[in-house]
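The structure presented is a predicted model; accordingly, all values stated were derived computationally and were not measured.
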Amino acid sequence: MAGAAGVAIYPLAFYSSMHLAGVAVGTVVSLGSAPIVSGVLERIVERRRLSGWWMLAATLGIAGSAVLSGAKMHDAPGEALPTIAGVGLGLVAGGTYAVYSWSAHRLINRGIGRAAAMGAVFGLGGAALMPVLLISGAPLLADAQSFTVSAYMALIPMFLGYVLFGYGLTHLTASTATTLTLAEPAVAAVLAVVIVGERLPSSHGLE
């Protein structure tokens with residue numbers, strides 16, 4: 001149930017974070033904070049010792065998120081409040097991402113099959129999101145292009161991505177798996193600049 005709640009909350013917080021703070025900041029904060037929460041969960045609940053490599057990755061994730069967010073607010077003071085709100089929602093997204101990853105990993109470790117564990121967590125979470133789809137999903141069916149993009153997003157980045165993520169959870173801890181997904185915000189930041197046209201401020205803006 002905790003994992004399903006995380007699945008339901010995550011996309012609402014994640015996409016709202018990108019809407020308010022931009023694709024680069026929203027993605028970096030959301031996914032950069034997830035490994036930290038995963039590690040804390042494992043340390044507190046499972047009494048698992050966190051490795052030095054995890055500490056280094058967590059430190060780099062926090063530093064990168066802070067620098068990128070601070071640079072954007074300094075470069076565009078008028079966007080400070082939306083950026084702060086976006087960062088807050090990104091932290092919520094990161095926390096819920098960690099919760100459902102950790103929950104799925106716990107189920108798998110207790111002998112539940114990978115497909116059953118991931119299906120239960122994402123099935124219940126998806127069912128909880130159905131009212132949101134009914135209320136706000138009309139634009140997805142407005143034309144053929146919107147429907148095609150929606151179908152692609154559902155089948156390739158989401159379905160295939162989470163099938164592979166579930167496979168990874170059968171061999172790795174949740175904190176390690178979410179740390180490896182830090183490749184995603186790096187790619188998202190590049191795509192935000194190259195495709196979306198966002199501008200990442202240079203470091204001199206923080207001086």
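- Shown here for Pro82 and Leu20, the closest heavy-atom pair between the two residues is O-CB, 3.4 Å.
- Between Tyr10 and Tyr100, the ring-plane angle classifies as perpendicular under the 30° and 60° cut-offs.
- Follow the hydrophobic side-chain contacts under 4.5 Å out from Val194 and you reach Leu191 in the same cluster.
- Within the 4.5 Å cutoff, the side chain of Leu12 has no heavy atoms near those of the Val92 side chain.
- Shown here for Ala104 and Met118, the closest heavy-atom pair between the two residues is CB-SD, 3.7 Å.
- At least one donor-acceptor pair under 3.5 Å links the side chain of Thr96 to the backbone N or O of Ala93.
- Closest non-hydrogen pair, Gly90 versus Ser33, comes out as O-OG, 3.8 Å.
- Hydrophobic clustering (side-chain heavy atoms under 4.5 Å, transitive across Ile, Leu, Val, Met, Phe, Trp, Tyr) groups Leu107 together with Phe165.
- The CG atom of Leu133 sits 8.5 Å away from the CG atom of Leu129 when rounded to the nearest 0.5 Å.
- Side chain of Ser30 to main chain of Thr27: no donor-acceptor pair is present (N/O by atom type, distance under 3.5 Å, no hydrogens or angles).
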Pair Val37-Leu91, side chain to side chain contact (heavy atoms under 4.5 Å, CB included): steps then yes or no
CA-CA 10 Å; Val37 180; Leu91 293 175; over 6 Å; no
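- Criterion: ILVMFWY side-chain heavy atoms under 4.5 Å apart, direct or through other members. Under it, Tyr162 and Ile112 are part of a common hydrophobic cluster.
- Rounding to the nearest 0.5 Å places OG of Ser103 at 11.0 Å from CE of Met1.
- Residue Gly32 comes nearest to Ile36 through the heavy atom pair O-CD1, 3.8 Å, listed as atom of the first residue, atom of the second, then distance.
- The salt bridge (charged side-chain N to carboxylate O under 4.0 Å, His left out) contacts involving residues 4-25 comprise nothing, where partners must be two or more places apart or lie in separate chains.
- Under the 3.5 Å distance criterion, the side-chain polar atoms of Ser17 are matched with a main-chain donor or acceptor of Gly86.
- Considering CG of Leu155 and OG of Ser150, their distance stands at 10.5 Å, rounded to 0.5 Å.
- The hydrophobic clustering, which links ILVMFWY residues whose side-chain heavy atoms are closer than 4.5 Å, places Leu31 and Phe122 together.
- Between Tyr97 and Phe14, the ring centre distance reaches or exceeds 6.0 Å.
- Separating the CG atom in Leu140 from the OG atom in Ser146 is a distance of 7.0 Å, to the nearest 0.5 Å.
- Inter-residue side-chain proximity for Val25 and Val87 is flagged as met; some heavy-atom pair is nearer than 4.5 Å.
- Between the side chain of Glu42 and the main chain of Ala174, a donor-acceptor pair closer than 3.5 Å is present.
- Separation of atoms CG (Leu41) and NE2 (His105) is listed at 12.5 Å; rounding is to 0.5 Å.
- Residues Tyr15 and Met158 share a closest heavy-atom pair of OH-CE, 3.3 Å.
- Side-chain contact between Arg106 and Glu46 is present, with heavy atoms from C-beta onward closer than 4.5 Å.
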Check against side-chain hydrogen bond (donor to acceptor under 3.5 Å, both in side chains), Thr173 and Thr176:
CA-CA 5 Å; Thr173 64; Thr176 300; 2.9 Å; yes
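- Of all heavy-atom pairs between Leu169 and Ile108, the closest is CB-CD1, 4.2 Å.
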